[in-house]
Protein chains: 2
Amino acid sequence: MTRATPAEDACTNALPTAALGGPVSHAVSRVARLHRIAAGKVLKGVDLYPGQELLMMHLWDRGAVRQTELIRALELDPSTVTKMLQRLEQTGHVRRRPDPADRRAVLVEATDESCALHTAVENAWGSLEEHTLAGLDPAERTELVRLLAKVEENLCRETEDCPDRRGAASG
Amino acid sequence: MTRATPAEDACTNALPTAALGGPVSHAVSRVARLHRIAAGKVLKGVDLYPGQELLMMHLWDRGAVRQTELIRALELDPSTVTKMLQRLEQTGHVRRRPDPADRRAVLVEATDESCALHTAVENAWGSLEEHTLAGLDPAERTELVRLLAKVEENLCRETEDCPDRRGAASG
DNA sequence: ACCCATTCATTGGCCGACCAAGGTAAAGTT
DNA sequence: AACTTTACCTTGGTCGGCCAATGAATGGGT
């Protein structure tokens, strides 16, 4: 009866093999899922689905950009971005127009109405962050960020999904 | 030139607002996504999609169970599990039969062929975990697990998605 | 000028995951 | 026994994500 991690204990008090064989992997999945749900709730008030807010934030930051830049910034699949934009366009958050300088490219920008959400979204993210980190003191927060960055580095490396990795890693 | 976190620096060397307003939230999304991709690659060899392996592991652990137990153990939406099982059934990893003791319930179990994958999947998870944690010393790993558990607790609490939360939390 | 490789974006198909709504069967109430 | 609530699962729809394949325009090489 080691009463190990609280989360598993709550359910069946028998740790799934998954948790034994890969505690961090397991934790990452679970945290990500819960975080996504929490984000969904917070974003419901601003008529956005989780994931879309990052795209909008980038637009609010940088104005009219072409899709490629969004793909690179968000590190998503092109098709994902296309579909997100189609939906965001339909909900009126985004406008697309052909790039006059390059006839195969498309320029994307946030609509004026969407800019009204800007503050709300940032507040939402702020409270989400605070909620996520409740009970962690500053040192713990810093450490968590540092460790997550390291993990991201690891996953990024072999995944080879980060296109432009010049060895800037250091402690 | 502060050369802050390596990951952002690689892309545009301008931190998105999202990273400023919620560094951990941002990191969690990114790590989760990369982790999922990595899992997908590792699982490709065993004919499973990321997410399915957890379900299978539970089945291998516990034998024939009813769907409700899977839902509780994996903490997923019922409909999600239903659809996963339909696909797993079609690919021959899983078998379903009505529960004789309860005519609305269904018993699920892993097929014999799927059991051949058992070891492969655990190895896959092991290597995924190792890949994720490469370069972190034991103390860092422990700390990461601890912090993630704390975050999970936080997110779990308000999300109220963990059904059976008796306060078993402690260091 | 021509051809070929690259880049930009889209489509279609798939999976995990959610919610909402529905149908059936088992428990609980009166 | 009849009624109501609860539990179990399914269906249909939506979104974020991926991959593979496609079409259109740009750009480099010869």
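Residue numbers start from 1 in every chain, and the chains themselves are labelled A, B, ... in the order their sequence lines are given, proteins ahead of strands.
With respect to the salt-bridge test (charged N to carboxylate O, under 4.0 angstrom), the residues A:Lys150 and B:Glu140 qualify. The existence of a salt bridge linking B:Glu143 and B:Arg146 is confirmed by a sub-4.0 Å separation between a basic side-chain nitrogen and an acidic carboxylate oxygen. Electrostatic pairing of A:Arg95 and A:Glu89 does not count as a salt bridge here, judged by no charged N lying under 4.0 Å from a carboxylate O. Residues A:Arg66 and A:Asp102 are paired through a salt bridge, judged by an N-O separation under 4.0 Å between the basic side chain and the carboxylate.
Between B:Trp125 and B:His35, the ring planes are tilted. Angles from 30° to 60° get that label.
For D:dC9, its base never sits under 3.5 Å from the side chain of B:Ser79 at any donor and acceptor pair.
Residue B:Lys83 contributes atom NZ, which lies 12 Å from atom P of D:dT14 at whole-angstrom precision. We find that OH of B:Tyr49 is positioned 11 Å from P of D:dC19, with the value rounded to whole Å. What separates CG of B:Leu48 from P of C:dC14 is a distance of 18 Å, to the nearest Å. Here C:dC18 presents its C1' atom at 15 Å from CG of B:Leu74, a figure rounded to the nearest Å. Between the CZ atom of A:Arg36 and the C1' atom of C:dC19 there is a distance of 14 Å, rounded to whole Å. Between the NZ atom of A:Lys44 and the C1' atom of D:dG16 there is a distance of 15 Å, given to the nearest Å. Across the protein-nucleic acid pair, B:Glu89 atom CD and D:dT10 atom P stand 9 Å apart, rounded to whole Å. Atom CG of B:Leu70 is separated from atom P of C:dA17 by 13 Å (rounded to the nearest Å).
At least one side-chain nitrogen or oxygen of A:Arg33 sits closer than 4.0 Å to the OP1 or OP2 atom of C:dC18. Residue A:Arg72 places no side-chain N or O under 4.0 Å from the OP1 or OP2 atom of C:dT7. Within the structure, a side-chain polar atom (N or O) of A:Thr80 is placed less than 4.0 Å from OP1 or OP2 of D:dC18. Of the side-chain N and O atoms in B:Gln52, none sit less than 4.0 angstrom from OP1 or OP2 of C:dC15. At D:dC9, none of the side-chain N or O atoms of B:Gln86 fall inside 4.0 Å of OP1 or OP2 (strictly under the cut-off). At the phosphate of C:dT10, OP1 or OP2 sits under 4.0 Å from a side-chain N or O atom of A:Gln67.
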What does the list of N/O pairs under 3.5 Å between the protein and nucleotides 21-26 of chain C look like, with a distance for each?
unit_1	atom_1	unit_2	atom_2	d
C:dA26	OP1	B:Arg103	N	3.0

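Contacts of B:Thr68 with the nucleic acid, taken as non-hydrogen atoms under 4.0 Å apart, involve only primed sugar atoms and P, OP1 or OP2. The residue A:Leu76 sits close only to the backbone: its heavy atoms come under 4.0 Å of sugar-phosphate atoms, none of a base. Residue-level contact check: B:Thr82 touches the bases, meaning some heavy atom is under 4.0 Å from a base atom.
Side-chain contact, B:His93 with B:Gln52: no donor N or O sits under 3.5 Å from an acceptor N or O. Side-chain contact annotation: A:Glu69 with A:His58, donor-acceptor N/O pair under 3.5 Å present.
The side chain of B:Arg87 sits closest to C:dG16 out of C:dG16, C:dA9, D:dG17.
Toward the 5' end of DNA chain C, the nearer of the two residues A:Val106 and B:Pro78, judged by each one's closest nucleotide, is A:Val106. Between B:Ile71 and A:Met84, the residue anchored nearer the 5' end of DNA chain D, judged by the nucleotide with its closest heavy atom, is B:Ile71.
Rounded to the nearest 0.5 angstrom, A:Asp77 CG and A:Met84 CE are separated by 12.0 Å.
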